[in-house]
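Here is the structure we will look at.
We're numbering straight along the sequence, starting at 1.
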Amino acid sequence: MEAAFIGNTGKQNKYTKYYEATGSGVDMLHCLESGNAARGKSTTENMYDEAQGLDPNIIPEIQKTQSQSETPMTIYAGTALSVDTLLEL
């Protein structure tokens with residue numbers, strides 16, 4: 001498994017990591033106030049970090065990226081700053 005990730009020639013930059021040997025990849029997008037950055041993507045798993053500041057109204061737009069997945073998964077992470085944030089709903 002280690003050989004698939006070390007010395008890989010896939011795309012590697014600040015917001016994108018692709019691994020040719022496994023065909024897997026990670027795109028990091030800024031969608032705090034708008035889901036525009038997610039348009040045109042196709043995902044299986046969406047992970048929301050710092051979700052306490054995320055506008056819950058844009059989640060349906062971002063979830064559209066999972067429409068072709070047979071097993072969509074969503075993870076919310078962050079620190080609840082009050083009882084009325086997305087993480088506490």
Side-chain angles (χ1 to χ4, degrees):
M1 178 63 111
E2 187 174 315
F5 296 101
I6 295 178
N8 194 296
T9 58
K11 185 175 181 180
Q12 307 291 321
N13 64 40
K14 186 175 179 180
Y15 299 107
T16 304
K17 306 287 183 206
Y18 282 107
Y19 302 96
E20 291 176 354
T22 62
S24 62
V26 175
D27 286 318
M28 292 169 269
L29 308 172
H30 183 268
C31 294
L32 187 63
E33 299 162 352
S34 167
N36 289 341
R39 289 190 179 159
K41 301 281 184 188
S42 180
T43 66
T44 297
E45 182 175 352
N46 288 344
M47 300 175 67
Y48 300 91
D49 190 23
E50 302 299 335
Q52 70 272 11
L54 182 65
D55 179 358
N57 296 319
I58 67 170
I59 292 175
E61 184 177 348
I62 298 169
Q63 285 177 326
K64 289 178 184 177
T65 64
Q66 296 173 302
S67 65
Q68 298 298 310
S69 176
E70 293 181 16
T71 56
M73 183 185 310
T74 302
I75 299 172
Y76 298 94
T79 304
L81 303 176
S82 67
V83 295
D84 61 349
T85 65
L86 174 68
L87 295 173
E88 294 291 331
L89 296 177

Item to check | Any donor-acceptor N or O pair under 3.5 Å, side chains E50, Q52 | outcome: yes
Checklist entry - Does a side-chain heavy-atom distance below 4.5 Å link T44 with Q68? => result no
Checklist entry - Should M47 and M73 be regarded as members of a common hydrophobic cluster, given that ILVMFWY residues are connected when their side-chain heavy atoms come within less than 4.5 Å of each other, either directly or indirectly? => result yes
Item to check | Donor-acceptor pair between D27 and Y18 side chains, under 3.5 angstrom | outcome: yes
Checklist entry - Looking at CG of D55 and CG of L32, how far apart are the two atoms once the value is rounded to the nearest 0.5 Å? => result 8.5 Å
Checklist outcome for this item: SG of C31 to CZ of R39, rounded to nearest 0.5 Å, is 10.0 Å
Next on the checklist: Please check this pair: side chain of S69 against backbone of Q66, looking for a donor-acceptor N/O pair closer than 3.5 Å.
Outcome noted: no
Checklist entry - To the nearest 0.5 Å, what is the distance between OH (Y48) and CD1 (I58)? => result 7.5 Å
Item to check | side-chain contact (heavy atoms from CB on, under 4.5 Å) evaluation trace for I75 with E45 | outcome: CA-CA 8 Å; I75 299 172; E45 182 175 352; 3.2 Å; yes
Next on the checklist: What I'd like to find out is whether the side chain of I62 reaches to under 4.5 Å of the side chain of N46, using heavy atoms alone.
Outcome noted: yes
Checklist outcome for this item: dist L54:CG -> Y76:OH (nearest 0.5 Å) comes out at 7.5 Å
Item to check | K41 and L29: CA distance, side-chain angles, deciding distance, side-chain contact (heavy atoms from CB on, under 4.5 Å) verdict | outcome: CA-CA 10 Å; K41 301 281 184 188; L29 308 172; 4.1 Å; yes
Item to check | Nearest-0.5 Å distance, CG of residue L81 to CG of residue L87 | outcome: 8.5 Å
